[in-house]
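Start at 1 and go down the list; that is how both ligands and their atoms are numbered. It should be emphasised that the depicted structure is a prediction, and the values quoted were computed from it without experimental measurement. Counting begins at 1 with the first residue of the sequence.
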Amino acid sequence: MIFRQLFDSVSSTYSYLLASRRGGEALIIDPVLEKVDRYLQLVKELNLKLVKAVDTHLHADHITGLGALRDRTHCITVMGEQTKADVVSMRVAEGERVGIEGIHLDVLYTPGHTDDSYSFVMNDRVFTGDTLLIRGTGRTDFQNGDPRAQYESIFGKLLKLPDETRVYPAHDYKGDTVSTIAEERAFNPRLQVKSIDEYVELMNNLKLPNPKMMDVAVPANIHVGLAQEQIARRGWALSPREAMGILGNASVALIDLRERGEREKHGVIPGSLHAPYPELQENIGTGGMLHELARSTGKRIVFYCAFGERSAMAVQAAQDAGLASACHIQGGLDAWKKAGGPLTR
Ligand SMILES: [Fe+2]
């Protein structure tokens, strides 16, 4: 397995590059914008294909690399369902999995540092974001932070993981790189409390200054910019209403790019075909399923996904591959639902 812990010394952020093999699919956790060139160089050197970029929460101390990685690799950007960030193309909730070839991360909702904080468990290790740090915990005094929720996340979820589980946080300011659940339970000074009230009291009296980057990073991380705006300007977007008007039309092939778990959870548009985004390149190339479908039937290809981000990238790729009829449903299934569009399971 490939497991790389990468450090940004300006914000003391750890990012993690994961892959099951050289030449295979890769995933990155908590990338920092200024380091994107470095990540992509490493991805290339290891002959990897970056397919997913995950943020554990909306960061206040650095600008996320999610947008730049999306623009340069067309990877899927992932955050928890509570996030306000616009760059996200796949939102996950507790109990779901984030998967790539040979690796899956189990999703734990661990709010407290922020209300959109998640941890990700991969076999013998856990990526804790800023919920649990090495001998510390993430502050809870801004961004809808809540010490009570954080106590529950740490004591009720993270400390319930097996003792030997390795803890990989999103930051360290002292030079530590890894810890374990047992070590943190025993030696993390913030966790040596007798009750939730004692923890709340402790966290409410830290009196920390705001992070230097906060006024810049939070707004920048909320509005990274959508892939869909450009696609709409080119005339390749349908509103949910327009899409409803052509539903069932024999000259249209509606293509669902989401993963199986998303389809099961949120439902599908009736009559649509399933062609997951990670297999897009094969599907739109010569001999690919969508390429041949469009060519032999003359059907118009209409992509959709959860929020319109993956489908916007798919439209561009399909247009580049010569599928001139390709378009997508702007805003994805989320907008479709809000407009009252029909769904099946
Ligand atoms: Fe944070």
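Of all protein N, O or S atoms, those under 2.8 Å from the Fe ion (ligand 1) number 3.
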Exercise. How far apart are the C-alpha atoms of Thr110 and Ser153, what are their side-chain angles, what is the distance that settles it, and do they pass the side chain to side chain donor-acceptor pair (under 3.5 Å) test?
Worked result: CA-CA 5 Å; Thr110 52; Ser153 295; 5.2 Å; no
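Evaluation of the salt bridge (Lys or Arg N to Asp or Glu O under 4.0 Å) rule for Glu94 yields Lys157 as partners, not counting sequence neighbours. With sequence neighbours excluded, no residue forms a ring pair (Phe, Tyr, Trp, His ring centres under 6.0 Å) with Phe120.
Under the 4.0 Å criterion applied to side-chain N and carboxylate O atoms, Arg135 and Glu184 are assigned as salt-bridge partners.
For residues 131-158, every residue pair satisfying the ring-ring contact (aromatic ring centres under 6.0 Å, His included) rule, not counting sequence neighbours, is listed here: Tyr151-Phe155, Tyr151-Tyr199.
Ring-plane geometry between His62 and His59 is classed as tilted, the angle between the planes lying from 30 to 60 degrees on a 0 to 90 degree scale.
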